[in-house]
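Worksheet: the structure to be examined is printed underneath.
Residues take their numbers from the sequence shown, with the count starting at 1. Note that ligands are numbered from 1 as they come in the structure, with each ligand's atoms numbered from 1 the same way.
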Amino acid sequence: MTDAVKVGFVPFSTTPRGVLVVFTDETMRFGTATRKILGAAADTVKRAATASAFKGKNATALDILAPAGLKVGRLIVVGTGKAGSLKEEDYIKIGGAAVGRLKASTDAVTLIAELPAGALKPDQVSAIAAGIRLRAYKFDRYKTRKKDEDKKLAAQISIAVADVAAARKAFAPSNNVVDGVLLARELVNEPPNVLYPAEFARRAAQLRRLGVKVEILDVKAMEKLGMGALLGVSQGSYHDGRMVVMRWNGASNKTDKPIAFVGKGVCFDTGGISIKPAGSMEDMKGDMAGAACVVGLMHALAARKAKVNAVGAIGLVENMPDGNAQRPGDIVTSMSGQTIEIINTDAEGRLVLADVLWYVAQKYKPKFIVDLATLTGAIMVALGTEYAGLFSNNDELSERLTKAGRATGEHVWRMPLGPEYDKQIDSKFADMKNAAGRWGGSITAAQLLQRFVDNTPWAHLDIAGTGMGAPSSDINTSWGSGYGVRLLDQLVADHYEAKR
Ligand code: BES
Ligand code: MN
Ligand code: ZN
């Protein structure tokens, strides 16, 4: 991974270097270890706080340069508000916000993991460390001339803790999950001339290093399977499509039914013959964010050796206009045998997913399938960029996803499905059509997907608003967000793993 921040844990007794970050809350007091480190500088802090009306409120900070009485060059006092009500998600944000205040030229940072009430617990320390790495990520591979503010933060960040061994142990798995998030972001951010289906497949194949079994199906293999829906999308592109199946068998019983994740991997979506307008078309390089999330998640699960059997499957294509491109009016036969009339070649994601979902449902008979897709612009109209749309045939799975969303801050909001919507996708000529009217565009898309999962418990996440292009947050300033990796890792950890 390309981030240049190194996070390590040291005991409270270590002499701080570079920038010192300490925490307080609305009581404006400090913990014992922090008081010891601040020593005589406590008075400097007091005067600075009064002068700038700093009251320890959450997400505020007091910034003191060359603080008298301390050897460090800068002291940042971070407020946490009512410290007692902080959740894990908040600690991730606190870590991210702290990094947000640093300059690219910073070389060393010491952060004291203590609140007035006492040392932070290993899980809280781990969340801060994760937030630091998530915030520090920057995609700048293609910038050959860097101004100072473009430079990436390259710092050694030492988190001072009460129990170094416990902090390391708690952070080890979340560090792997962060790697998965950064991998997903990297894939989403890559330009489409670099990351076409075959190259995407090669990157996914690197998961083999972690013990993931990776199978790459080319066009011939998919023709043999009868994947006419996916192949119809792909047929107008110079770059051939691929399907990649990744398997991680971490359960003690290797024959346990797996859980499954499916991702839309449209490496570039021009709309095809129903071509998109030019404005912001460049954003359609991110139309593979669902697939990127699945790869990032498989990385996370394998790297932290999750005790679960999991399948990740992604459909990789480009949607291009061409003499051989599919036309509105074409009728394709999916692997399931169901036929689909193409009304709009820009409604391509559901065609790709139809075949991958069917393949996974039939071949692996999984406990559930969760698919992720930048499927519809309509979901951004409905939910904006903070919540992903959740569509499901299963209440239990929906509730678990909603809970995991709250725990990680990667929120989902359930939307309806139902036979009432079927008439909108009925076709005059085929079993269904790929585009319905304007109303309920995200629902009719999900309604079509549902026809390809049989009776498998299934949830579909429409991540068109959350996967890319969302405004910067405390823990992400890059265009690609890596949305979904932490959400689904949490789902797996909470419900589908044998306890360690
Ligand atoms: N990839 C787009 C959806 C999208 C739009 C994702 C904006 C992220 C940002 C998808 O393939 C698409 O074009 N959907 C159409 C469907 C319509 C033609 C039925 C849409 O949403 O307009
Ligand atoms: Mn499209
Ligand atoms: Zn698309």
Glu348: its N/O/S atom lying closest to the Mn ion (ligand 2) (atom name): OE1
Which atom of Arg185 lies closest to which atom of Leu134, heavy atoms considered: NH1-O, 2.8 Å
Asn434 near ligand 1 by a heavy-atom separation under 4.0 Å: no
Winner among Asn344, Thr444, Asp346 once heavy atoms are compared against atom 15 (C) of ligand 1: Asp346
Ala378, any N or O under 3.5 Å of ligand 1 N or O: no
Ligand 1 contact on Asp283 by region, counting heavy-atom pairs under 4.0 Å: neither
Option whose closest heavy atom lies nearest to atom 7 (C) of ligand 1, chosen from Met284, Met288, Met281, Lys276: Met284
Asn324 atom CG: more than 12 heavy-atom contacts under 6.0 Å: yes
Heavy atom of the protein closest to atom 8 (C) of ligand 1 (residue, atom name, distance): Met468 CE, 3.4 Å
Asp287 N/O under 3.5 Å from ligand 1 N/O: yes
Heavy-atom nearest neighbour in the protein, as seen from atom 20 (C) of ligand 1, with distance rounded to 0.1 Å: Gly377 N, 3.9 Å
More than 12 heavy atoms from other groups under 6.0 Å of NZ on Lys103: no
Atom indices of ligand 1, in the order listed, that fall short of 4.0 Å to a heavy atom of Lys264: 1 (N), 10 (C), 11 (O)
Heavy-atom nearest option to atom 10 (C) of ligand 1, drawn from Ile343, Leu351, Leu375, Val352: Leu375
Numbering as shown, the atoms of ligand 1 that approach Thr374 to under 4.0 Å (heavy-atom distance): 1 (N), 2 (C), 3 (C), 6 (C)
Between Asp462 and Thr376, a side-chain donor and acceptor under 3.5 Å: yes
Ring geometry between Phe261 and Phe368 (parallel below 30°, tilted from 30 to 60°, perpendicular above 60°): perpendicular
Atoms of ligand 1 close to Asp269 [distance to a heavy atom under 4.0 angstrom, numbered from 1]: 1 (N), 2 (C), 10 (C), 11 (O), 13 (O)
Residue pair Leu230 / Tyr359, side-chain heavy-atom distance below 4.5 Å: no
More than 12 heavy atoms of other groups within 6.0 Å of Arg202 CZ: yes
Exercise: identify the closest heavy-atom pair between Arg247 and Glu215: NH2-OE1, 4.5 Å
Atom of Asp269 closest to the Mn ion (ligand 2), considering N, O or S atoms: OD2
Within-2.8 Å protein N/O/S contacts of the Zn ion (ligand 3): Lys264 NZ, Asp269 OD2, Asp287 OD2, Glu348 OE2
Geometric class of the Tyr142/Phe139 ring pair [parallel <30°, tilted 30-60°, perpendicular >60°]: tilted
Top protein contact for atom 19 (C) of ligand 1, by heavy-atom distance: Arg350 NH2, 3.8 Å
Any non-hydrogen protein atom less than 4.0 Å away from atom 22 (O) of ligand 1: no
Backbone of Ala347 reached by a side-chain donor or acceptor of Asn434 within 3.5 Å: yes
Atom indices of ligand 1 within 4.0 angstrom of Met380 heavy atoms, with elements: 9 (C)
Reference residue Phe200; test side-chain contact (heavy atoms from CB on, under 4.5 Å); the match among Val194, Leu195, Val244: Leu195
Any side-chain donor near an acceptor of the partner, Glu186 and Tyr137, under 3.5 Å: yes
Element-labelled atoms of ligand 1 that are located less than 4.0 Å from some non-hydrogen atom of Glu348: 11 (O)
Of Val178, Ile475, Leu297, the residue whose pairing with Arg486 passes side-chain contact (heavy atoms from CB on, under 4.5 Å): Ile475
Residue that, paired with Met227, satisfies side-chain contact (heavy atoms from CB on, under 4.5 Å) out of Val352, Leu217, Leu351, Asp355: Asp355
Donor + acceptor pair across side chains of Gln338, Ser336 (<3.5 Å): yes
Heteroatom N/O/S of Asp346 within less than 2.8 Å of the Mn ion (ligand 2): yes
